[in-house]
2 protein chains.
Amino acid sequence: MRDAEQTRQNILTVAADEIHQHGFKATSLSVILNRCEISKGALYHHFSSKIELGYAVFEEIYTPMFLNVWHTPLDVDDPIEGLCDFLTAMTEDMSCSEVVCGCPLNNLCEEMANVDEGFRLRILSMQEQLNQLITDAFERVSDDLRTDLAGSQVGYFIVATLNGATSLSKSSRNKVLFQQVIAELCLYIRALKK
Amino acid sequence: MRDAEQTRQNILTVAADEIHQHGFKATSLSVILNRCEISKGALYHHFSSKIELGYAVFEEIYTPMFLNVWHTPLDVDDPIEGLCDFLTAMTEDMSCSEVVCGCPLNNLCEEMANVDEGFRLRILSMQEQLNQLITDAFERVSDDLRTDLAGSQVGYFIVATLNGATSLSKSSRNKVLFQQVIAELCLYIRALKK
DNA sequence: CTTGCAACATACCGATCGGTTGGTTATTAT
DNA sequence: ATAATAACCAACCGATCGGTATGTTGCAAG
C-alpha cells in the first residue's frame with residue numbers, strides 16, 4: 001500500500017526526537033503529525049495510544065541505540081581504556097542537542113519512572129543490561145583489576161555518574177562541567193586496575 | 001488582614017510538595033488551590049504567574065533547605081568522614097517519597113533547565129554553591145588529602161554521582177541500587193585522603 | 001471487475017490547562 | 001465613621017491536550 005511500514009518508522013523516528021527534546025508528557029501528538037505530514041487517524045492506526053507509542057519508541061529506537069553505543073567501547077581487549085576513550089570522546093563529540101537535551105534514557109527515567117509502571121520497568125531493564133555489559137567486560141579482564149572490587153556496584157556507579165554528568169551539562173549549557181566529571185570518572189575507572 | 005503571609009507560605013509549601021511529586025509542568029494550579037482551600041484569585045494575588053510561583057518555591061523553599069542540609073555534614077572537623085556518614089545515613093533514612101520522587105533540585109534540572117532560562121540560572125547557581133561548599137570544606141583539610149586532586153572537579157563529581165544515584169532509585173523503586181552507588185562513592189571519597 | 005480490508009483523512013469530543021475579569025470582604029489609616 | 005486598599009472569590013476565557021467516530025482512498029485477492 002502506501003508503505004505502511006515506512007509511515008510507522010517515520011512516526012517512531014520523529015517521536016523519538018520530540019521525546020528527546022521535550023520529554024514524553026510535553027511531547028504533543030499534533031506536532032508529530034505535522035512533522036510527519038500525516039493525520040491523527042494514521043497515527044492511531046499504528047499505535048493505540050500515546051503511551052504505547054512511547055513504549056515503541058523506547059524499545060525500537062532507544063534500546064537498540066544504547067546497546068549498540070555501549071557495546072563498541074566494551075568489546076575490546078582492554079575495556080578499561082576502551083571505556084575511558086569512549087567517555088573522553090563523548091566530551092568532545094557531544095552535539096549541542098546532547099548538551100541541552102541530555103540522555104534520552106536518563107530523561108525518561110527522571111520524568112516517567114515514578115509515574116508509569118510500563119516505562120519504569122523498561123528503563124530498569126535497560127539500566128540492568130547496561131550494568132551487565134560493564135560488569136561482563138570487567139570480569140573478562142579481572143586478572144588486571146583490583147581484587148577488592150564489588151562487581152555490579154562499580155557498574156552502577158559508572159552509569160550513575162555519567163547520568164549525573166549529563167544533568168550538569170544541561171544547567172550549565174556547556175561541556176565544561178561535563179568534561180570535569182568525566183575526567184574524574186576516568187581517573188576512578190583507571191584506578192580500578194591493579 | 002486574613003494573614004496574607006500565612007496564605008503565601010501555605011501556597012509555597014504546597015506548591016513545593018506538588019512540584020517535588022509531579023514536576024513543574026505537571027503540577028496543576030487547581031490542585032494547589034484545592035489543597036490550600038483558596039481561590040485562583042488568591043493565588044494570583046500573591047504570584048503573577050505559575051512560573052513566578054515556581055521561582056519563589058525554588059528560592060524560598062528548596063534553596064535554604066539544600067544549603068542547610070549540606071552545611072551540616074561539611075562543617076565538622078573531618079568533612080571527609082562527615083560527608084560519608086551523611087551519605088550513608090541518607091541511604092538508611094530515605095523516605096518512600098524520596099526514593100520515588102528523587103531530589104527536587106535534580107528533578108527541576110532535568111525537567112526545566114533546557115526549557116526555561118530563569119530556572120536554569122537558579123539551578124546552576126545552586127549547583128555552584130553546592131560545589132563551593134564541598135571544595136571549601138575539602139580545602140580546609142587539604143593537608144590530609146592527596147596532592148593531585150583537582151578541586152572543583154572532585155566536588156562536581158560527587159554532586160553528579162549523587163544525582164545519578166537518586167535517578168537509579170527511581171527506576172528500581174528501592175534503595176538497593178542507591179545504596180550500592182553511595183557505598184562506592186564513599187570508597188572514592190575516603191580514597192581522597194593521603 | 002468487484003469486493004474487502006488495510007491505510008489513511010477529517011471533524012469533533014470532553015477535559016484540563018494557565019490566566020483574566022469583575023466583583024466582594026476584611027482590615028487599616030485618617 | 002468612612003474612605004482606601006489589600007486580600008480574596010466565582011465565573012469565565014481561549015487554547016491545547018489525548019482520544020474517537022465516521023468517512024474516504026488505494027491496493028490486492030478472488
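Chain letters run A, B, ... following the sequence lines, proteins first, then strands; residues in each count from 1.
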Problem set entry | Candidates B:I182, B:V99, B:T91 - the one meeting side chain to side chain contact (heavy atoms under 4.5 Å, CB included) with B:K175 | B:V99
Exercise. What's the CZ-P distance between B:R8 and D:dC8, to the nearest Å?
Worked result: 12 Å
Problem set entry | B:K50 to B:Y55, cation-pi by 6.0 Å centre distance and 45° axis angle | no
For this session: Just do the side-chain contact (heavy atoms from CB on, under 4.5 Å) check on B:M90 and B:F178 with the steps written out, would you?
Result: CA-CA 10 Å; B:M90 260 185 77; B:F178 183 79; 3.8 Å; yes
Exercise. How long is the line joining CG of A:D3 and C1' of C:dC8, in whole Å?
Worked result: 13 Å
Exercise. In terms of heavy-atom contacts, does CD of A:E37 have more than 12 from other residues, nucleotides or ligands at under 6.0 Å?
Worked result: no
For this session: List the steps, then state whether side-chain contact (heavy atoms from CB on, under 4.5 Å) holds for A:L177 with A:S169.
Result: CA-CA 6 Å; A:L177 296 190; A:S169 77; over 6 Å; no
For this session: Check each residue of residues 28-36 of chain B for a non-hydrogen atom within less than 4.0 Å of any atom in DNA chain C, then write out the ones that pass by number, or none.
Result: B:S28, B:L29, B:S30
Problem set entry | Sequence neighbours excluded - ring-ring contact (aromatic ring centres under 6.0 Å, His included) pairs with any residue from residues 84-109 of chain A | A:W70-A:F86
Considering only distance and modelled atom types, tabulate donor-acceptor pairs under 3.5 Å from the side chains of residues 40-49 of chain B, sequence neighbours left out.
residue: B:S49; atom: OG; partner: B:E52; partner atom: N; Å: 3.3

Exercise. So which pairs with a foot in residues 150-171 of chain B pass salt bridge (Lys or Arg N to Asp or Glu O under 4.0 Å), sequence neighbours left out?
Worked result: A:E110-B:K170
Problem set entry | From CA spacing to verdict: side-chain contact (heavy atoms from CB on, under 4.5 Å), A:S39, A:L33 | CA-CA 6 Å; A:S39 70; A:L33 304 182; over 6 Å; no
For this session: May I have the distance from B:F24 (atom CZ) to C:dC17 (atom C1'), rounded to whole angstrom?
Result: 12 Å
Exercise. Is there a residue in residues 13-20 of chain A whose heavy atoms reach under 4.0 Å of DNA chain C, and which residues are they?
Worked result: none
For this session: For B:H22 and C:dT16, give me the distance from atom NE2 to atom P, rounded to whole Å.
Result: 15 Å
For this session: Just say parallel, tilted or perpendicular for the rings of A:F24 and A:F119, cut-offs at 30° and 60°.
Result: perpendicular
For this session: Return the residues of residues 38-51 of chain A meeting this criterion: a heavy atom under 4.0 Å from some atom of DNA chain C. Order them by number, or give none.
Result: A:I38, A:S39, A:K40, A:G41, A:A42, A:H45, A:H46
